[in-house]
Amino acid sequence: MYRTHTCGELRLSDVNKTVTLAGWVQHVRNLGGMTFIDLRDRYGITQLVVNNEEDNELSQQVKELGREYLVQVTGKVAERSNKNKKIATGDIEIIIHSLNVLNSADLPPFTIEDDTDGGEELRMKYRYLDLRRNPVRKALELRHKMALEVRKFLNDQNFIEIETPVLMKSTPEGARDFVVPSRMNPGQFYALPQSPQVFKQLLMVGGFDRYFQIVKCFRDEDLRADRQPEFTQIDCEMSFVEQEDVLSTFEAMTKHLFKTIRGVTIEGDFPRMSYADAMKYYGTDKPDIRFDMRFVDITSIASGKGFRVFDDAEYIGAICAPQCAGYSRKELDQLTDFVKRPQVGAKGLVYVKYNDDGSFKTSVDKFFAPEDFKVWCDECGAKPGDLLLILAGERRQTLSALSELRLEMGNRLGLRDKNRFAPLWVVDFPLLEWDDDTQRFYAMHHPFTSPKEEDIALLDSDPGAVRANAYDLVINGNEIGGGSIRIHDDLLQQKMFKVLGFSKEEAEKQFGFLMNAFKYGAPPHGGVAFGFDRWVALFAGVESIREVIAFPKNNAGRDIMNDAPSSISQEQLDELGIALKDSGK
RNA sequence: GGUCUGGUAGUUCAGAUGGUUAGAAUGCCGGCCUGUCACGCCGGAGGUCGCGGGUUCAAGUCCCGUCCAGACCGCCA
């Protein structure tokens, strides 16, 4: 046995016990006559003491220790004369009488401390060292706790966790697939699942009316701070349910997580907002409703007055920044630069300062009269002291830019406190999205999403207007989850494929097994999938999901630690019957 | 595919306008120190300024290319 206790558990009540600890040397403080060592493991830090004069041999040994040496020590627990209130074991220390170096350690490239001096790249390259740091360990512990609470909650609700294949069939819709060549079937490929979507629907046909799985999904698309090529979903599906049943079940799960993990009780039902309203008032399908600052459409009152920019605009939108009329020229220039960045894409920014004395100072004084500004301000509910920020242009683009501006103002005004949570359901998503490049409709959610009953007739006349039984859970401007009521009727599913431009043969080839399954008494069903990494990151209060993944990949999809992906041998390629176009690196 | 930011000591960074021997903090090494816990004090070592090319009497600094990292747009049903 290497240890009798961990480095986090000894207290005053353990004084005089003889104990053996094993751990990493966090820090050595040699005061000359005596030496203190901070010994660290996953559970905490315990201070060791050596009296250099009483035990010369031991003090020589201690002199040899370096950071992150792994040692085993035996000694007696003693009360400290100088207690350290900052750590749980701060009342005691171990007067050691023997020390055994289990493993020496090279000097780590960065300090293993809460506030490390290491940059992101180094930390990822030596992730196994980074994992020794408290913040990283705590993030993974949080992740574990959340997974556990999800399983507890869903198990209590009769959900059953069932594994689905990781090697599956490539499907044409949606994200790019990661593919895996099949040696036994030359020239053919598996795909890694973008989600277990089809399998969970087949589980419903199979009679497992409440399924869930905490499962890895794979999408070969470009990455972001909140997107990894492999990520984890809480994947759920229920039979004999309507949208309302799914929402209430998973609203309860969300509240359970808030309560058990963050200690937050969310009163009342989550707000619901239609996709149309989300776009109209926030310019995005994932509004951050921790603060208001809704868009006001002033197109009808601001155009036609001889200001070309407004007169030519399809849409003119304003937000009211409370108590910002005092913004300096410099601050307004910064905001203008912000909206003109290519990523935001606005042509310019119009401001209206509603001064405390009721007068106006604006960037368009020569085109409008004070009475005009008053009308705009009234429309926006602005009071003296407030600032209107106005963008104009093509509708879609302007809404999107205004959304970015709104979030920027939220940040500037400190309205986006990461310890405040504002969840909501966004509902009534469009079923289909038109794509100009390929001149066809695509499923906005996925091709198995059911249209609203009252909109089915529109599938023929105006497919773009059809609303879906689809919903997203949004928290603080993050899409945390989304789902839909599925089609369970093979005729409707065939119709859907037709609208998506699949020939009968293609639909049969890609999804025949599913439509076939629907012929054998498929129950009405629907479900939802949550982005587990994003949820953990949200609860951890960190920006990047990399912080809550033990071994994440970088923004080019590379594992900096082991340098995956890498080339494979000619033998492997030959065995798979694969010839490379160019040899790569 | 694109836009932007960064790359200088082990690490995190500073190095206006091109100009003597490239600095700080921290870490590391050595010495001193019996109550430290971000220990303290004294001393020391440590640099291919990402890489390649160019401009110049002279480049860490300017230009071009390239590699790496990060953020974002496109993309992600």
Side-chain angles (χ1 to χ4, degrees), chain A residues 26-40 45-54 59 63 66-68 78-87 89-90 93 95 106-126 129 171-177 194-195 197-198 217-229 231 337-338 340-345 397 400-401 404 429-433 435 437 441-449 468 470 479 482-484 496 500 529 531 543-544 546 554-558 560 563 585:
Chain A
Q26 173 83 20
H27 199 63
V28 178
R29 289 180 296 277
N30 186 342
L31 272 60
M34 64 197 313
T35 302
F36 299 99
I37 302 164
D38 288 340
L39 193 69
R40 184 197 69 241
I45 285 180
T46 298
Q47 176 167 287
L48 315 176
V49 205
V50 176
N51 187 316
N52 297 337
E53 279 161 16
E54 282 175 18
S59 96
K63 267 196 169 160
R67 275 163 53 201
E68 300 306 312
E79 181 172 2
R80 290 202 201 180
S81 56
N82 278 359
K83 298 189 171 55
N84 183 350
K85 287 195 170 57
K86 288 183 215 160
I87 60 174
T89 60
E93 62 196 1
I95 301 167
D106 282 359
L107 190 67
F110 54 89
T111 55
I112 313 293
E113 288 164 7
D114 289 8
D115 281 315
T116 181
D117 61 2
E120 171 109 4
E121 194 180 348
L122 256 195
R123 288 175 46 214
M124 289 305 163
K125 182 166 181 189
Y126 298 90
L129 296 179
T171 52
E173 293 287 290
R176 207 173 283 121
D177 282 325
Q194 297 174 26
S195 82
Q197 181 60 36
V198 176
C217 302
F218 306 85
R219 292 176 192 176
D220 186 9
E221 296 293 346
D222 286 1
L223 307 176
R224 293 285 187 279
D226 65 349
R227 284 184 353 214
Q228 286 269 301
F231 60 100
D337 289 344
F338 175 83
K340 283 168 89 170
R341 282 166 47 212
Q343 282 86 347
V344 178
Q397 207 183 335
S400 154
E404 294 297 326
F429 277 81
L431 184 69
L432 302 161
E433 247 179 335
D435 180 63
D437 292 339
F441 281 106
Y442 284 85
M444 193 160 183
H445 187 51
H446 56 53
F448 318 109
T449 300
E479 183 195 329
S484 63
M496 183 71 179
L500 292 173
E543 295 299 319
S544 168
R546 283 194 292 266
N554 78 358
N555 63 355
R558 299 201 70 85
I560 293 188
D563 206 31
K585 276 181 262 184

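Within every chain, numbering begins at 1; the chains are lettered A, B, ... in the order of the sequence lines, protein sequences first and strands thereafter.
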Residues in side chain to side chain contact (heavy atoms under 4.5 Å, CB included) contact with A:E221, at least two apart in sequence or another chain: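 Testing A:E221 for side chain to side chain contact (heavy atoms under 4.5 Å, CB included), a comparison that skips the adjacent residues, returns A:A175, A:R176.
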Residues that A:P229 engages under side chain to side chain contact (heavy atoms under 4.5 Å, CB included), provided they are two or more places apart: A:F178, A:L223, A:K553
A:K340, NZ: over 12 other non-hydrogen atoms inside 6.0 angstrom: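 Incorrect, the count does not exceed 12.
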Residues, nucleotides or ligands: over 12 heavy atoms within 6.0 Å of A:D114 CG: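 Atom CG in A:D114 is packed in, count exceeds 12.
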5' priority, RNA chain B, between A:R67 and A:S81 [closest heavy atom]: A:R67
First of A:R176 and A:E113 reached from the 5' end of RNA chain B, by closest nucleotide: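 Upstream on the strand: A:E113.
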Gap in Å between the two C1' atoms, one belonging to B:C57 and one to B:A25, rounded: 37 Å
For [N], does either OP1 or OP2 sit under 4.0 Å from a side-chain N or O belonging to [X]?
| X | N | value |
| --- | --- | --- |
| A:R341 | B:U5 | no |
| A:N554 | B:G70 | yes |
| A:H27 | B:C39 | yes |
| A:R558 | B:A69 | no |
| A:R29 | B:C39 | yes |

Who pairs with [N] - Watson-Crick or G-U, where each distance is under 3.5 Å:
| N | value |
| --- | --- |
| B:U36 | none |
| B:C41 | B:G31 |
| B:G18 | none |
| B:A25 | B:U11 |
| B:C62 | B:G54 |
| B:G74 | none |
| B:U5 | B:A69 |

Describe the nucleic acid contact of [X] in one word from base, sugar-phosphate, nothing, applying a heavy-atom distance below 4.0 Å.
| X | result |
| --- | --- |
| A:R546 | sugar-phosphate |
| A:P342 | sugar-phosphate |
| A:K83 | base |

Ring pair (Phe, Tyr, Trp, His ring centres under 6.0 Å) against A:F448, all qualifying residues, sequence neighbours excluded: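 Only A:H446, A:F511 meet the ring pair (Phe, Tyr, Trp, His ring centres under 6.0 Å) criterion with A:F448.
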Out of B:G70, B:G1, B:U36, whichever nucleotide has its closest atom nearest the side chain of A:Q47: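 That would be B:U36.
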Side chain of A:E93 - closest among B:G74, B:G35, B:A71: B:G35
Does the [N] base have a donor-acceptor partner in the side chain of [X] within less than 3.5 Å?
| X | N | value |
| --- | --- | --- |
| A:R80 | B:C37 | yes |
| A:D222 | B:C75 | no |
| A:Q343 | B:C73 | no |
| A:R224 | B:G74 | yes |

Distance-only polar pair, side chains of A:Q228 and A:R219, donor-acceptor under 3.5 Å: no
Using a cut-off of under 3.5 Å, enumerate the N/O to N/O pairs linking the protein to nucleotides 29-32 of chain B.
none

Can you name the atoms? Protein N/O to nucleotides 43-47 of chain B N/O, anything below 3.5 Å, with the distance.
none

Salt bridge (charged side-chain N to carboxylate O under 4.0 Å, His left out) assessment of A:R227 paired with A:D222: CA-CA 8 Å; A:R227 284 184 353 214; A:D222 286 1; over 6 Å; no
Main-chain N/O of A:T111 paired to A:T116 side chain as donor or acceptor, under 3.5 Å: yes
Every protein N/O lying under 3.5 Å from an N/O of nucleotides 9-14 of chain B:
residue, atom, partner, partner atom, Å
B:G10, N2, A:D117, OD2, 3.4
B:U11, O2', A:D117, O, 2.4
B:U11, O2', A:D117, OD1, 3.4
B:U12, OP1, A:G119, N, 3.3
B:U12, O4', A:D117, O, 3.3

B:A16, syn or anti by chi within 90 degrees of zero: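 Chi for B:A16 falls in the syn range.
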